[in-house]
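The first residue in the sequence is number 1, and the count goes up from there. Everything numeric here is computed off the predicted structure, so don't read it as measured data. Just so you know, these numbers use all the heavy atoms, side chains as well, and skip hydrogens, waters and symmetry mates.
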Amino acid sequence: MFSFFKFIQKTLKGLQAKKGLWFTILGLLSISGIFLSLYILMNMTKSSSQEVYENISTNYNKNYKNRVLKKEETLKKLLIMVEKNESFIESVENNALQSVNNTIANYNESFRKTGFETLKLNFYPVINQVNQYRNSINSVISSKVKAYGIEVLPEGIFFVYVEPIIKDDTLIGILEIQEEVHDFKAEYIKDDIIFLFLLEERMLNKLSIKARNGKYREVVDQVHVEELKYDGQFFAKIIESGKDEYRNMLEVGYSVDDTYFRAAQKVSDINGNIIGVVVLGETVDGSGAFVNIVDKMTKTVTTVALGLVISILLFMF
């Protein structure tokens, strides 16, 4: 062991005597050490960034689901208000459809006057006939159980809440209340979040010609957007990123570029069929935003790394 240390000592003295070789070895060892440290640091930064992005994406998705549940509660309360209208229920029992329709029209007019333009109440009389209405309504008639979810209707894409009216254990009618999905955009704007609904191409045929023609455009990979209702710059960046980036966003749940952070999730309708994708996002330059903090951290580490390497190279030469 002693002879080994003597050998190391002798070798170091020999190298120190040859100053050019000595400084070259020291320089190479220093550069190797710095590159190794930078590699570890940048990997740690990348890992931390991904973790933050995943957490933000998860929070966005939870936020959307909570809002959908809150929307259900809101629509349910409105139907309860209608069901408490004794004269309306009496008209339904007596099959006085003209009176029922007048009451429904009055409610809808009231919604419009108070600023709820897409909120709409419908009544469906129960007739001894199979498959008289669309699937969601027929399902509630047969099961006598309420239903709630998103549905693509001729007029557009709506949250629908359908509830049976039961009197003395007898089904006497069906109440439905609808509100357009696009109205979520205004709710998210209050929180500085961008909301985007992309509709599957195969669902376009469920829309009327009036609701569809000249209004929808393909974004990417056979999903379409109602162009005038959403942030054009937001979905333009998805178009620019292309099909592969879009599919990757769906797979990992998020994507981020030089302008936006986006969280995405597929959406099912009231019948359980995938009909589109909800994308939530924010600009990466928002002051104080977590996305902005992570972006700055990554850029800072990269800048410091390049600065150190350049400084060492300049010192050596």
Side-chain angles (χ1 to χ4, degrees), residues 64-85 88 92 100-101 103-112 114-127 130-166 171-188 195-200 202-208 210-212 215-216 224 226 229 265-278:
Y64 171 74
K65 289 175 182 177
N66 287 337
R67 285 179 187 260
V68 171
L69 291 174
K70 186 178 178 181
K71 181 65 66 180
E72 179 181 11
E73 288 301 312
T74 301
L75 297 179
K76 180 180 179 180
K77 287 176 182 177
L78 289 171
L79 284 189
I80 289 174
M81 176 188 70
V82 177
E83 289 170 345
K84 286 183 177 180
N85 185 330
F88 172 74
V92 173
V100 169
N101 291 335
T103 303
I104 294 293
N106 288 337
Y107 276 116
N108 287 332
E109 182 63 24
S110 176
F111 294 150
R112 281 190 290 272
T114 52
F116 298 98
E117 296 291 333
T118 69
L119 195 62
K120 184 181 179 183
L121 184 67
N122 294 315
F123 172 77
Y124 301 92
V126 179
I127 306 170
V130 179
N131 295 329
Q132 54 199 322
Y133 304 117
R134 67 180 197 272
N135 287 342
S136 56
I137 305 299
N138 292 330
S139 176
V140 173
I141 290 174
S142 62
S143 67
K144 298 182 182 180
V145 176
K146 67 96 175 175
Y148 168 73
I150 294 176
E151 196 163 2
V152 182
L153 302 174
E155 301 82 13
I157 309 166
F158 290 85
F159 286 109
V160 298
Y161 190 103
V162 187
E163 188 162 59
I165 306 174
I166 298 175
L171 180 68
I172 60 175
I174 300 292
L175 272 177
E176 175 194 42
I177 191 161
Q178 310 170 347
E179 188 169 27
E180 201 168 3
V181 169
H182 303 316
D183 285 1
F184 255 15
K185 183 181 72 171
E187 295 184 26
Y188 274 106
F195 174 81
L196 174 67
F197 191 96
L198 301 176
L199 184 66
E200 293 276 355
R202 59 187 174 78
M203 303 303 296
L204 288 174
N205 287 334
K206 289 185 173 291
L207 297 169
S208 67
K210 181 181 177 182
R212 179 179 72 240
K215 295 182 179 180
Y216 280 82
H224 294 247
E226 191 168 357
K229 290 191 175 179
Q265 59 180 306
K266 292 184 178 181
V267 177
S268 301
D269 69 0
I270 196 169
N271 300 308
N273 303 311
I274 299 295
I275 60 167
V277 175
V278 162

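Using a 4.0 Å cut-off between charged nitrogen and carboxylate oxygen, K70 and E73 do not count as a salt-bridge pair. Salt-bridge check for K206 with E200: failed, with every basic side-chain N at 4.0 Å or more from each acidic carboxylate O.
Side-chain N or O atoms of S142 include one that pairs as donor or acceptor with a backbone N or O of N138 at under 3.5 Å. D269 places a side-chain N or O within donor-acceptor distance of the main-chain N or O of N271, the cut-off being under 3.5 Å.
Separation of atoms CD (Q265) and NZ (K65) is listed at 5.5 Å; rounding is to 0.5 Å. Distance check: L198 CG to I275 CD1 gives 11.5 Å after rounding to the nearest 0.5 Å. With rounding to the nearest 0.5 angstrom, the CG atom of D183 is 9.5 Å from the CZ atom of F159. Going from atom NZ of K76 over to atom CD1 of I177 covers 13.5 Å, rounded to the nearest 0.5 Å. Atom CE in M203 sits 12.5 Å away from atom NE2 in H224 (nearest 0.5 Å). Between the CG atom in N122 and the CG atom in N101 there is a gap of 10.0 Å [rounded to 0.5 Å].
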Walk me through whether L119 and L78 qualify under side-chain contact (heavy atoms from CB on, under 4.5 Å). CA-CA 10 Å; L119 195 62; L78 289 171; 3.7 Å; yes
Test side-chain contact (heavy atoms from CB on, under 4.5 Å) on E72 and V68 and set out the steps. CA-CA 6 Å; E72 179 181 11; V68 171; over 6 Å; no
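For K71, the side chain to side chain donor-acceptor pair (under 3.5 Å) criterion is met by E179, E187, not counting sequence neighbours. Residues that satisfy the side chain to side chain donor-acceptor pair (under 3.5 Å) test with Q178, not counting sequence neighbours, are E176. Legend: residues meeting ring-ring contact (aromatic ring centres under 6.0 Å, His included) with Y124, ordered by chain and number and at least two apart, are Y133. With sequence neighbours left out, the side chain to side chain donor-acceptor pair (under 3.5 Å) criterion links E117 to no other residue. Taking the side chain to side chain donor-acceptor pair (under 3.5 Å) definition, one finds that N85 meets it with S87, Y107, sequence neighbours left out.
Taking the six-membered ring where tryptophan is involved, the planes of Y148 and Y161 are tilted, since the angle between them lies from 30° to 60°. Classified by interplanar angle (parallel below 30°, tilted 30° to 60°, perpendicular above 60°), the ring pair F184/F195 is perpendicular. Ring orientation note: the planes of F197 and H182 are nearly perpendicular, at an angle over 60° on the 30°/60° scale.
Listed by first and then second residue, the salt bridge (charged side-chain N to carboxylate O under 4.0 Å, His left out) pairs involving residues 151-162 are R134-E151 (not counting sequence neighbours).
Counting all heavy atoms, side chain and backbone alike, L207 lies closest to L153 at CD2-O, 3.3 Å. Scanning all heavy atoms of the two residues, the minimum distance from L175 to V82 falls at CD1-CG1, 3.9 Å. V140 and A147 make their closest contact through CG2-CB, 3.7 Å (heavy atoms, listed as atom of the first residue, atom of the second, distance). The two residues I104 and L121 make their nearest non-hydrogen contact at CG2-O, 3.2 Å. Of all heavy-atom pairs between E180 and F158, the closest is N-CD2, 3.4 Å. Scanning both residues, L171 and K144, for their nearest heavy atoms gives CB-CE, 4.0 Å.
Side-chain contact check for F88 versus V100: some heavy-atom pair is nearer than 4.5 Å.
Around NZ of K146, the count of heavy atoms belonging to other residues, nucleotides or ligands within 6.0 Å exceeds 12.
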